[in-house]
Amino acid sequence: MSLLATVREILESSTQSPNRGEATTTESKGAYWCDDCDVRIRDVDVEGEEPPSCPDCGDEMRFERSAASTGCAC
């Protein structure tokens, strides 16, 4: 019984982290992608021009919304 209690304590403590990062005030709706370079920039990180240009090749990036924003990625 002591072994089971120890394993249970280990599993419970591994899911209880006091530092889970800071909450963001702006929720992301998706990200901009460059299909040629596989570069991704979250929409909340874009400042100024939309759609942004790829930092690697300079082409216009396409927006893809997050599956979490509507429940589907269609």
Side-chain angles (χ1 to χ4, degrees):
M1 193 68 142
S2 172
L3 179 61
L4 283 175
T6 303
V7 170
R8 182 178 296 134
E9 286 177 22
I10 291 171
L11 292 174
E12 288 175 354
S13 68
S14 70
T15 61
Q16 298 174 357
S17 173
N19 183 9
R20 294 189 182 260
E22 295 181 23
T24 58
T25 57
T26 307
E27 195 168 314
S28 175
K29 304 253 188 286
Y32 290 94
W33 288 86
C34 178
D35 295 315
D36 294 333
C37 301
D38 288 330
V39 173
R40 174 184 175 266
I41 302 174
R42 291 180 49 216
D43 62 336
V44 294
D45 296 332
V46 173
E47 295 178 11
E49 72 173 301
E50 287 188 32
S53 298
C54 174
D56 290 353
C57 69
D59 287 347
E60 185 176 289
M61 300 175 83
R62 70 174 173 83
F63 182 76
E64 184 174 294
R65 69 180 171 187
S66 170
S69 65
T70 62
C72 81
C74 51

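Quick note: residue numbers are just sequence positions, from 1. Bear in mind the structure is a predicted one, so any value in this text is a computation, not a measurement.
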Pairwise distance CG(Leu3) to CZ(Arg8) - rounded to 0.5 angstrom:
11.0 Å
Donor-acceptor under 3.5 Å (Asp56 side chain, Cys37 main chain):
no
Kindly determine whether Arg62 and Glu64 satisfy salt bridge (Lys or Arg N to Asp or Glu O under 4.0 Å), including the steps that lead there.
CA-CA 7 Å; Arg62 70 174 173 83; Glu64 184 174 294; 2.9 Å; yes
Can you see whether Tyr32 engages Glu50 through a side-chain donor-acceptor pair at a distance of less than 3.5 angstrom?
yes
In one Ile/Leu/Val/Met/Phe/Trp/Tyr side-chain cluster, 4.5 Å: Val46, Val39
yes
What closest approach, in Å, do Ser28 and Val44 show between heavy atoms, and which atom pair accounts for it?
CA-CG1, 3.8 Å
Working to the nearest 0.5 angstrom, can you tell me the gap between Asp38 CG and Trp33 CH2?
7.5 Å
If Ile, Leu, Val, Met, Phe, Trp and Tyr residues are connected whenever their side-chain heavy atoms lie under 4.5 Å apart, and connections chain through other members, are Phe63 and Met61 in the same group?
yes
Note: Cys57 and Cys34 closest approach over all heavy atoms is SG-SG, 3.7 Å
As an exercise, state the distance from CD of Glu60 to SG of Cys54, rounded to the nearest 0.5 Å.
11.5 Å
